[in-house]
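Bear in mind that the values here come from a model prediction, so they are computed numbers and not experimental data. Just so you know, these numbers use all the heavy atoms, side chains as well, and skip hydrogens, waters and symmetry mates.
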Amino acid sequence: MTDMGRGNFRVFDPSLLEGIDESGDVSRPAPLRDRLRRIDAETQPPRPAIETARRATDRGPEAGPAEKQDASDPESRDNAALPIGVVLDVAGAGSQIAIDTRRLTECFDDPDPSIAMTGQVGSQIKIRVGNSWLLASVRDQRQDRRAAGSIVANIDFLGEGKEEKLTGKLHGFRRGVTRYPVPGAMIYPATTQDLRQVYASDGRSSIPIGTVYPTRDIRAGLYVDAFLGKHFALLGSTGTGKSTSAALILHRICQAAPEGHIVVIDPHGEYSAAFSTTGQVFDVSNLQMPYWVMNFEEHCEVFLTSEGSERQIDADILARCLLIARQKSRLAGQLSKVTVDSPIPYLLSDLGAALQDAMGKLEKATNSAPYMRIKNKLDEIKGDPRYQFMFSGMLVADTMKDFISRLFRLPGGGKPISIIDVSGVPSDITATVVAVLSRLVFDFAIWGREEKTRPILLVCEEAHRYVPSERHADGSSVGRILSRIAKEGRKYGVSLGLVTQRPSDLAEGVLSQCGTIISMRLNNERDQAFVKAAMPEGARGFLDSIPALRNRECIICGEGVAIPIRVSFDTLEEAKRPASDDPSFIALWSETGGEEDQVERVVARWRNSS
């Protein structure tokens with residue numbers, strides 16, 4: 001075996017891994033720490049010592065307090081310069097290493113937090129390969145029963161960077177591996193300065209969202225074009241800060257692109273307060289979504305109540321009558337053809353009349369049941385005030401242009417985000433409303449291919465409701481359109497953001513289409529396994545820490561970041577947070593007064609909206 005880490009070529013003696021202690025006793029191996037020091041003493045001190053010693057001088061007044069302390073502390077210099085372990089074997093995506101436990105103890109109190117965390121699960125270490133540094137993440141650990149004071153760990157390769165000849169600094173980091181280490185290569189702690197180079201922006205547009213763990217001051221960012229261009233998913237159990245983190249990311253995107261086009265499906269009314277000044281909020285009081293923009297499949301979900309073979313009969317009847325109603329529109333004469341899917345206005349009364357006429361032509365009254373089912377449902381919806389936001393007679397005018405302009409923020413006027421609060425939509429048509437909104441985003445992008453591209457971001461909260469896995473699938477149109485956006489949307493400039501606390505309930509193929517996955521703490525083992533299967537192999541060391549993440553911490557991997565990264569999210573201002581905080585039971589249950597008036601107001605709102 002050889003160690004080519006320094007300027008010279010040195011034979012690495014594997015017997016040192018099973019060597020003898022200083023007394024010459026061969027009954028037990030010498031501590032790995034002593035063997036590493038003897039190996040390191042055979043040649044000149046490694047270059048990281050030079051780099052560490054010059055760190056404060058090179059940075060000048062820009063160095064932070066932690067860095068200045070790190071650069072001036074002899075113990076920190078020693079910890080960065082001395083190896084902590086050795087490579088045992090190498091595979092394509094990772095390696096197995098041996099780490100000295102006493103060296104880890106020495107590093108534990110280091111003022112540099114990156115060195116203090118070195119060797120622990122999820123931390124980064126580096127291996128010198130020729131004139132380059134290879135960065136890796138520690139996936140797991142176990143005690144080495146063959147050697148005292150040694151730990152065996154598996155690592156995943158993250159990428160490599162060049163080493164400056166004079167300072168030993170890591171620079172020019174890139175994802176992937178071109179040169180692999182050999183068994184016997186020395187392992188060193190990755191310093192904060194190393195990680196600063198690794199996570200430094202490569203010039204692409206990015207948004208800051210937090211701090212890289214375990215450092216104190218290295219900013220974590222998302223490359224916006226890659227993050228949005230290939231979809232993203234934000235996952236996390238209830239109570240981990242998922243909605244606040246989503247709001248933080250959206251706020252940063254809006255700040256970076258104040259003329260953007262973002263549509264958020266909000267099933268709980270959480271985001272209205274967060275974007276009241278930077279976006280447009282729509283709910284049942286002002287959405288005014290015309291019913292006639294629905295296609296035939298969506299009409300069936302609203303008007304058909306039958307199942308099985310009867311449903312197909314009802315669908316055929318509805319198709320004929322809907323086409324008749326659309327053909328009576330004054331816009332029909334301006335089009336070369338009109339179909340049941342044509343988004344042109346028609347009167348609900350024309351649809352009812354078509355049903356009545358068709359039913360009157362029947363030879364036997366016993367065949368009128370399908371017509372009556374559809375007509376009764378139509379009359380029910382027309383007379384129910386809960387559906388007025390969509391089926392009002394005032395929405396018969398051709399308002400499609402104005403509706404799309406308002407919804408997609410075209411133009412945005414400095415308010416690039418639309419919050420669609422569907423919490424007040426009747427539950428039996430909520431999925432259909434989301435399907436219509438999602439399809440309009442996709443169809444607008446398709447039919448606008450000959451125009452200037454205006455990318456649209458569609459964010460879907462509680463995504464597992466609308467794109468369920470096969471075992472929960474109900475064949476609804478919303479699942480099909482969101483799946484299609486996930487597969488084809490990026491071709492037309494449509495980005496999809498999925499937010500959910502139950503990733504295992506998502507459709508199997510949808511999460512795999514997300515180029516960037518942001519995973520907060522997940523408590524359910526099935527959810528953890530599902531996310532691990534969707535993430536790249538190089539992120540395994542990070543993924544194992546998902547159950548141990550604190551609130552507002554996450555693992556990010558994929559196209560939006562250079563390498564897998566653990567991030568502590570920034571604190572979002574109170575006024576910009578969604579209304580998703582958990583109530584303080586003790587504090588609220590200690591207050592009294594005004595209960596009767598409160599109940600009266602709640603009942604009034606309840607009755608008015610029901």
- Hits for side-chain hydrogen bond (donor to acceptor under 3.5 Å, both in side chains) against Arg174, two or more places apart or cross-chain, chain-then-number order -> none

- Task: Taking side-chain hydrogen bond (donor to acceptor under 3.5 Å, both in side chains) as the test, write out the residues that go with Thr500, two or more places apart.
- Result: His464

- Query: Quick one: are the ring centres of Phe173 and Tyr199 less than 6.0 Å apart?
  - Reply: no

- Message: Can you list everything that forms a salt bridge (Lys or Arg N to Asp or Glu O under 4.0 Å) with Arg409? Sequence neighbours excluded, please.
- Response: none

- Query: Who passes salt bridge (Lys or Arg N to Asp or Glu O under 4.0 Å) against Arg252, sequence neighbours left out?
  - Reply: Asp570

- Kindly state each residue pair satisfying ring-ring contact (aromatic ring centres under 6.0 Å, His included) with at least one member in residues 204-237, sequence neighbours excluded. Phe227-Phe232

- Pairs involving residues 486-520, ordered by first then second residue, that meet ring-ring contact (aromatic ring centres under 6.0 Å, His included) (sequence neighbours left out): Phe442-Tyr492

- How would you list all residue pairs meeting salt bridge (Lys or Arg N to Asp or Glu O under 4.0 Å) that involve residues 484-495, not counting sequence neighbours? Arg484-Glu488

- Asn131 side chain vs Glu163 backbone, donor-acceptor pair below 3.5 Å: no

- Task: Assess the side chains of Asp112 and Thr192: does a donor N or O sit below 3.5 Å from an acceptor N or O?
- Result: yes

What donor-acceptor contacts under 3.5 angstrom involve side-chain atoms of residues 87-96, with partners at least two apart or in another chain?
| unit_1 | atom_1 | unit_2 | atom_2 | d |
| --- | --- | --- | --- | --- |
| Asp89 | OD1 | Gln96 | N | 3.3 |
| Ser95 | OG | Asp89 | O | 2.5 |

- Query: Partners of Glu462 by salt bridge (Lys or Arg N to Asp or Glu O under 4.0 Å), sequence neighbours excluded?
  - Reply: none

- Check Leu135, Ile155, Asp194, Leu134 against Ile125 for a side chain to side chain contact (heavy atoms under 4.5 Å, CB included) and give me the one that passes. Ile155

- Applying side-chain hydrogen bond (donor to acceptor under 3.5 Å, both in side chains) to Ser205 and not counting sequence neighbours gives none

- With sequence neighbours left out, the residues meeting salt bridge (Lys or Arg N to Asp or Glu O under 4.0 Å) with Glu573 are Lys576

- Is it true that a side-chain atom of Arg175 and a backbone atom of Val561 form a donor plus acceptor pair closer than 3.5 Å? yes

Which pairs would a plain distance check flag for residues 510-519, meaning a side-chain donor or acceptor within less than 3.5 Å of a matching protein atom at least two apart in sequence or in another chain?
| unit_1 | atom_1 | unit_2 | atom_2 | d |
| --- | --- | --- | --- | --- |
| Ser512 | OG | Gly509 | O | 2.8 |
| Thr516 | OG1 | Gly560 | N | 2.9 |

- For Ser504 and Asp527, does a side-chain donor sit closer than 3.5 Å to a side-chain acceptor? yes

- Geometric cation-pi criterion, Arg128 with Tyr188: 6.0 Å, 45°: yes

- Message: Using the side chain to side chain donor-acceptor pair (under 3.5 Å) definition, which of the options Thr571, Thr240, Thr244 pairs with Arg552?
- Response: Thr571

